[in-house]
Amino acid sequence: MNVFRLTGDMTHLASILVLLLKIYATKSCSGISLKTQELYALVFLARYLNLFTDFISVYNTVMKLVFIGSSLAIVWCMRMHKMVKRSYDQELDTFRHYFLIAGCFLLALLVNEKFMFPEVLWAFSIYLEAVSTIPQLVLLQRSGNVDNLTGQYVFLLGAYRALYILNWIYRYFTEPHFSRWIACVAGLVQTALYADFFYYYFLSWKNNAKLQLPS
Amino acid sequence: TSSETTKDEL
């Protein structure tokens, strides 16, 4: 564990806490894409299958349970909670995320570290996470004004993977046989997708203005 | 070998 990875995990956890805070405090999920939340739940379920088979550390197990539990709770909330689901931007959240799932699964069958069920699922979860944020970014562009908590949520979500890239660079130079090229390439794509959001987020912070994404 | 690297990251 290095400082980049720990900061990355804490940033990821913070993004989930901000999202939970927004939904709980405002009883609203406006500006949040249910499709992105469903994709993230799928990412965690596909990636953490080894939760009960390979024990890495207490930290690892606890964080996996938190990520799986929170992503499922958010999806449940946005689908079932009568107050919350009323504020869901159903007509704006129309990105066909099933194509993302199919595409990532096909890619995982072709490109993986080893053609074994756990490895294919792991690669699938890595590729899917890289594109999971697309429905959310599309929704933000369509909904124009972004409330603070939603903006912070998306910013933290993008920042965590950027910190993971620093972690991979650090591990590459410090560990002899370290190779995570699948996660690295997908992580670069994932972070690049946030590039324009980061730009407008920085502008809104610099000008102390409301976050506006050009539609 | 690299493919057996335990997935120690989240």
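Please read all numbers here as calculations on a predicted model, not as lab measurements. Naming convention: chains lettered A, B, ... in sequence-line order (proteins, then strands); numbering from 1 in each chain.
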Under 4.5 Å from any heavy atom of chain B, what part of A/Asn167 do you find: side chain, backbone, both or neither? side chain
Crowding at OH, A/Tyr59 (>12 non-hydrogen neighbours, <6.0 Å): yes
Mark yes when over 12 heavy atoms from residues, nucleotides or ligands other than A/Phe105 sit less than 6.0 Å from its CZ; otherwise mark no. no
Could you give the distance from NZ (B/Lys7) to CG (A/Asn60), rounded to the nearest 0.5 Å? 12.5 Å
Using the side-chain contact (heavy atoms from CB on, under 4.5 Å) rule, pick out the option among A/Val66, A/Leu13, A/Ile56, A/Asp9 that qualifies with B/Leu10. A/Asp9
Per-residue contact mode, A/Asp54 against chain B (heavy atom under 4.5 angstrom): neither
Which atoms form the tightest heavy-atom contact between B/Glu9 and A/Arg180, and what is the distance? OE1-NH1, 3.1 Å
So what's closer than 4.5 Å to chain B heavy atoms on A/Tyr48: side chain, backbone, both or neither? side chain
If you count heavy atoms of other groups shown closer than 6.0 angstrom to CZ of A/Phe55, is the number above 12? yes
